[in-house]
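Below is one structure; the comments refer to it alone.
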Amino acid sequence: MAKFALACEVVTDQIVIENILCGYYKDYDDLDEEIQPLQPPFDATNQKQLEGEFGGWEMLLEYLTLKRFRDDVLNSEYMIIQIDTDISEHVNFGVSQNDLSTEELIEKVIERLIAQIDSKETFYEEYKSKIIFAISVHSLECWILPVYKNHKNEKITGCFETLQRESKKIKVLKEYKVYDKLTQDFLKHKKLMKFVSKNSSFQIFINNLPIKI
């Protein structure tokens with residue numbers, strides 16, 4: 001049984017969440033061996049999305065309705081579901097951002113994901129202690145950006161483009177190995193917690209993790 005299962009939009013998100021977990025649980029040796037990326041399916045040999053499989057937020061929503069998702073929850077100690085809020089107002093997601101605080105937006109997005117989980121049969125309430133939401137406002141790059149640029153005010157838009165400009169030694173591409181390199185500082189607990197404090201949605205995710213595993 002995996003300690004953590006990961007259901008994310010794309011494989012680059014998976015390695016970022018993995019590095020966060022490994023840095024946060026600093027006293028848990030070889031935690032990376034107990035983290036299993038399940039959506040989108042991952043080819044560990046080539047460090048790429050499994051050929052013939054699809055990622056993206058719409059495929060993530062589809063996954064949450066499947067028996068495979070329910071089996072994955074049952075066969076893992078914890079399931080982490082990650083999604084960016086930049087897509088929340090899309091017609092197929094349907095969460096307005098108007099006049100919402102970060103906390104309120106995250107709550108609305110979580111409600112939407114729970115509704116998706118329960119769209120075919122009730123499941124969430126019984127297993128909610130195993131399900132952790134990682135809702136990045138408005139993109140996961142906004143969690144990474146403080147590693148490379150210390151903005152006076154929290155930045156939640158245009159983070160990918162800003163990260164491309166500010167990362168001088170690593171060319172920022174949407175590739176698994178690149179995002180692994182970009183987030184190596186997350187593996188160091190003290191540094192990780194400093195970066196967490198720079199972004200409120202990052203802090204909310206960390207606060208929702210179990211203290212001990």
Side-chain angles (χ1 to χ4, degrees), residues 1-40 42 57 60 63-64 69-70 72-85 88 101-114 116-117 123-147 154 156 159 179-180 182-213:
M1 177 179 288
K3 182 67 70 175
F4 290 101
L6 306 182
C8 304
E9 292 189 58
V10 291
V11 296
T12 52
D13 300 329
Q14 291 172 345
I15 186 57
V16 174
I17 298 296
E18 179 176 322
N19 287 344
I20 290 168
L21 294 172
C22 290
Y24 183 69
Y25 296 106
K26 58 184 173 59
D27 297 324
Y28 197 109
D29 294 335
D30 300 320
L31 178 59
D32 60 317
E33 297 180 6
E34 298 194 47
I35 299 172
Q36 188 170 8
L38 296 175
Q39 177 60 34
F42 180 69
W57 65 270
L60 174 63
Y63 167 72
L64 297 181
F69 166 73
R70 288 153 176 73
D72 289 342
V73 171
L74 296 176
N75 292 323
S76 309
E77 290 189 36
Y78 298 100
M79 165 68 75
I80 294 179
I81 301 171
Q82 179 276 330
I83 197 167
D84 295 338
T85 62
S88 75
S101 66
T102 293
E103 293 77 10
E104 290 169 337
L105 176 57
I106 289 172
E107 287 176 8
K108 293 290 185 184
V109 169
I110 289 174
E111 288 173 7
R112 172 67 177 86
L113 294 174
I114 292 171
Q116 189 75 12
I117 291 169
F123 181 83
Y124 177 76
E125 187 63 28
E126 185 173 356
Y127 297 101
K128 64 182 180 181
S129 63
K130 302 183 67 159
I131 298 173
I132 302 166
F133 295 99
I135 312 300
S136 35
V137 179
H138 288 294
S139 72
L140 201 60
E141 285 80 12
C142 297
W143 293 8
I144 303 171
L145 188 56
V147 178
E154 178 179 347
I156 60 172
C159 295
Y179 275 66
D180 188 16
L182 285 170
T183 56
Q184 284 299 294
D185 277 354
F186 285 175
L187 295 170
K188 302 163 187 173
H189 183 81
K190 189 174 182 179
K191 286 188 175 183
L192 171 68
M193 299 312 292
K194 180 182 75 172
F195 300 133
V196 166
S197 69
K198 302 290 185 180
N199 184 283
S200 52
S201 64
F202 199 172
Q203 185 73 66
I204 289 169
F205 169 57
I206 291 295
N207 290 348
N208 286 331
L209 290 174
I211 296 173
K212 295 183 178 179
I213 56 173

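In this chain, numbering begins with 1 at the start of the sequence shown.
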Can you find a heavy atom in the side chain of [X] that is under 4.5 Å from one in the side chain of [Y]?
X	Y	answer
Leu21	Ile35	yes
Gln184	Asp180	yes
Tyr25	Asp27	no
Ile20	Ile206	yes
Pro37	Val11	no
Val147	Lys191	no
Tyr24	Ile213	no
Phe69	Gln39	no

Sidechain-backbone polar pair: Glu104 side chain, Ser101 backbone, donor-acceptor under 3.5 Å = yes

- prompt: Are Phe205 and Trp143 near enough that their ring centres are under 6.0 Å apart?
  reply: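 Phe205 vs Trp143: aromatic centres under 6.0 Å.
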
_Please confirm whether the ring centroid of Phe202 lies under 6.0 Å from the ring centroid of Phe186._
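That pair passes the under 6.0 Å test.
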
Show the nearest heavy-atom pair for residues [X] and [Y], with the distance to one decimal.
X	Y	result
Cys8	Leu60	O-CD1, 3.9 Å
Lys130	Leu74	NZ-O, 3.5 Å
Lys194	Lys198	O-CG, 3.5 Å
His189	Gly23	ND1-O, 3.1 Å
Val137	Thr85	CA-OG1, 3.4 Å

How many angstroms lie between [atom1] in [X] and [atom2] in [Y], if you round to the nearest 0.5 Å?
X	Y	atom1	atom2	value
Ile132	Asn208	CD1	CG	7.5 Å
Glu33	Cys22	CD	SG	9.5 Å
Ile17	Thr12	CD1	OG1	10.5 Å
Ile15	Asn19	CD1	CG	4.5 Å
Ile135	Glu103	CD1	CD	13.5 Å
Ile117	Leu64	CD1	CG	5.0 Å

Can you tell me if [X] and [Y] form a side-chain donor-acceptor pair at under 3.5 Å?
X	Y	value
Gln116	Tyr63	no
Gln203	Asn199	no
Tyr179	Gln14	no

Margin query: I'd like to check the side-chain hydrogen bond (donor to acceptor under 3.5 Å, both in side chains) partners of Ser88; sequence neighbours left out, ordered by chain and number.
Written below: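 With neighbours one apart ignored, the set is Gln97.
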
Check your understanding: Name the one of Leu105, Ile106, Leu140 that satisfies side-chain contact (heavy atoms from CB on, under 4.5 Å) with Ser201?
Key ->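 The residue from Leu105, Ile106, Leu140 that satisfies side-chain contact (heavy atoms from CB on, under 4.5 Å) with Ser201 turns out to be Ile106.
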
Going through the distances and angles, do Asp32 and Glu18 end up as a side-chain contact (heavy atoms from CB on, under 4.5 Å)?
CA-CA 7 Å; Asp32 60 317; Glu18 179 176 322; 3.5 Å; yes

Exercise answer: donor-acceptor pairs, residues 75-83 side-chain atoms, under 3.5 Å, sequence neighbours excluded:
unit_1: Asn75; atom_1: ND2; unit_2: Asp71; atom_2: O; d: 3.0
unit_1: Ser76; atom_1: OG; unit_2: Asp72; atom_2: O; d: 2.7
unit_1: Glu77; atom_1: OE1; unit_2: Lys3; atom_2: NZ; d: 3.1
unit_1: Glu77; atom_1: OE2; unit_2: Lys3; atom_2: NZ; d: 3.1
unit_1: Gln82; atom_1: OE1; unit_2: Glu9; atom_2: N; d: 3.4
unit_1: Gln82; atom_1: NE2; unit_2: Asp84; atom_2: OD1; d: 3.0
unit_1: Gln82; atom_1: NE2; unit_2: Ser136; atom_2: OG; d: 3.3

